[in-house]
Number of protein chains: 2
Amino acid sequence: MENRVTALLREKGFKVTPQRLAIYKVLANSKAHPSAENIFQQLQPYYPTMSLATVYKTVEILKEIGLIQVLNAGEDSFRYDADTSMHPHIRCLQCGRVDDLHDIDINTFIGQVAEKTPYRLTGQQFYFYGCCPVCQGKPAN
Amino acid sequence: MENRVTALLREKGFKVTPQRLAIYKVLANSKAHPSAENIFQQLQPYYPTMSLATVYKTVEILKEIGLIQVLNAGEDSFRYDADTSMHPHIRCLQCGRVDDLHDIDINTFIGQVAEKTPYRLTGQQFYFYGCCPVCQGKPAN
DNA sequence: TAATAACGAATAATAGTTATCTATTTATAT
DNA sequence: ATATAAATAGATAACTATTATTCGTTATTA
């Protein structure tokens with residue numbers, strides 16, 4: 001799996017560095033859709049000299065070569081997801097966690113839009129909002 | 001229509017000011033989903049002393065009392081929409097315009113998600129991306 | 001019309017992100 | 001392995017959207 005990243009970076013003319021592999025690995029091993037700040041903090045113990053700018057530059061590259069997707073779930077910062085398959089996301093308005101929604105048929109929905117809009121479609125993002133199971137047990141803030 | 005806004009502001013304990021009515025009117029008369037900066041510029045000729053902070057505070061209030069909805073179509077700024085009905089949006093990746101998508105059945109899609117997720121759903125936003133009819137005629141940038 | 005609570009404008013502050021600069025590191029060909 | 005050229009990482013400054021603060025002004029209510 002690390003080879004695939006290495007190969008793709010080289011193929012697209014980017015150099016392979018430990019930082020880039022580490023940042024991708026954080027995303028590949030997480031289902032929490034971390035933000036740049038988040039990735040930075042997770043790597044801090046292992047790469048104490050790495051700067052936040054490096055994280056931003058790297059996720060930009062990873063997005064460009066199609067290894068990750070960028071999420072904008074109405075927060076003040078972006079999140080990143082190594083699962084590039086097309087799937088909706090859901091955010092808990094109480095605790096802020098963002099989860100994947102899998103096994104949902106999105107194709108009929110997309111097909112419907114494709115039929116009706118004069119746009120040529122190239123992509124889409126679906127965001128749901130609500131209260132996660134954990135927070136349903138807590139008193140509403 | 002202006003009476004509805006006036007009444008709702010008062011009812012919720014907010015004062016009715018010319019600036020607030022003007023900002024709402026800009027949104028109500030537009031299908032372009034303007035940003036705060038945009039609203040500010042449109043009102044500049046008529047309210048030359050109005051500050052951008054006033055626009056931000058006002059859209060926050062308008063959102064709170066349910067007169068508008070806030071869009072986050074993956075740009076660096078938010079957009080505002082006086083059409084609070086639940087409808088998907090589509091953004092042209094070339095020129096940046098954002099259009100409404102109407103007459104789309106979103107309920108089966110939402111129903112499907114409601115069934116599968118353990119979250120309690122409270123809302124959703126659907127964003128499509130592509131190339132608008134105008135830009136399809138232009139050379140790709 | 002007076003009292004009071006909220007507001008608008010100006011400004012400063014904040015936060016996320018991007019640009020710049022230079023020493024260092026990677027890739028490639030010897 | 002090593003030298004070389006190109007790209008990168010880190011530090012820092014800059015930038016932009018948004019939010020907070022302050023104070024004179026205005027809308028509401030009686």
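Throughout, protein chains are lettered first and strands after them, A, B, ... in sequence-line order, and every chain is numbered starting at 1.
- Residues Y127(B) and L71(B) meet the side-chain proximity criterion, which asks for heavy atoms closer than 4.5 Å.
- A distance of 11.0 Å separates CD1 in I39(B) from CD in Q41(B), rounded to the nearest 0.5 Å.
- Contact of the S85(A) side chain with the H102(A) side chain is registered, since non-hydrogen atoms from C-beta on lie closer than 4.5 Å.
- Among pairs with a residue in residues 92-110 of chain B, those fulfilling salt bridge (charged side-chain N to carboxylate O under 4.0 Å, His left out) read R97(B)-D99(B), at least two apart in sequence or across chains.
- One side chain, D81(A) or H89(A), offers a donor N or O that lies under 3.5 Å from an acceptor on the other.
- Across the protein-nucleic acid pair, L52(B) atom CG and dG8(C) atom C1' stand 13 Å apart, rounded to whole Å.
- Using a 4.5 Å cut-off on side-chain heavy atoms (C-beta onward), L101(B) and K116(A) make no contact.
- I104(B) places none of its side-chain heavy atoms less than 4.5 Å from the side chain of H87(B).
- Looking only at side-chain heavy atoms (C-beta outward), R4(A) and Y24(A) come within less than 4.5 Å of each other.
- Residues from residues 32-45 of chain A lying near DNA chain C, meaning a heavy-atom separation below 4.0 Å, are absent.
- Considering only side-chain N and O atoms, R20(B) lies under 4.0 angstrom from the phosphate OP1 or OP2 of dG8(C).
- Between Q19(B) and dT26(D) there is no side-chain N or O to OP1 or OP2 distance below 4.0 Å.
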List the steps and the verdict of ring-ring contact (aromatic ring centres under 6.0 Å, His included) for F109(A) and F126(A). CA-CA 11 Å; F109(A) 181 47; F126(A) 306 131; 5.3 Å; yes

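- Side-chain atoms of L93(A) and C131(A), non-hydrogen and from C-beta on, never get closer than 4.5 Å to each other.
- Ionic pairing of E60(B) and K63(B) is present here: one or more N-O contacts between side-chain nitrogen and carboxylate oxygen are shorter than 4.0 angstrom.
- Atoms CG (L21(A)) and C1' (dA9(D)) sit 14 Å apart, rounded to a whole Å.
- In this structure, L121(A) is not a member of the same hydrophobic cluster as V98(B), with clusters built from ILVMFWY side-chain heavy atoms closer than 4.5 Å.
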Pairs under 3.5 Å (N/O, protein and nucleotides 11-14 of chain D):
| from | atom 1 | to | atom 2 | distance (Å) |
| --- | --- | --- | --- | --- |
| dA11(D) | OP2 | T49(A) | O | 3.2 |

As a quick check of understanding, evaluate side-chain hydrogen bond (donor to acceptor under 3.5 Å, both in side chains) for Q69(B) and Q125(B), giving each step before the final call. CA-CA 10 Å; Q69(B) 61 174 313; Q125(B) 286 288 345; 3.0 Å; yes

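- Protein atom CD1 of I61(A) is 9 Å distant from nucleotide atom C1' of dT8(D), rounded to whole Å.
- Contacts between residues 67-79 of chain B and DNA chain C, defined by a heavy-atom separation below 4.0 Å, involve no residue at all.
- Comparing the helix axis at one end of the helix from dT1(C)-dA30(D) to dT30(C)-dA1(D) with that at the other, each defined from 5 consecutive pairs, gives an inter-axis angle of 50° (nearest 10°).
- A straight line from CD of E60(B) to P of dC7(C) spans 13 Å, rounded to a whole angstrom.
- Note: I90(B) CD1 to Y119(A) OH = 6.0 Å, rounded to the nearest 0.5 Å.
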Within the 4.0 Å limit for protein heavy atoms, which parts of nucleotides 25-30 of chain C are touched? Write it as a string from 5' to 3', B for base, S for sugar-phosphate only, - for none. -BS---

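- Between the C1' atom of dA6(C) and the CG atom of L9(B) lies a distance of 13 Å, rounded to the nearest Å.
- For dT18(C), the OP1/OP2 oxygens have no side-chain nitrogen or oxygen of Y56(A) closer than 4.0 Å.
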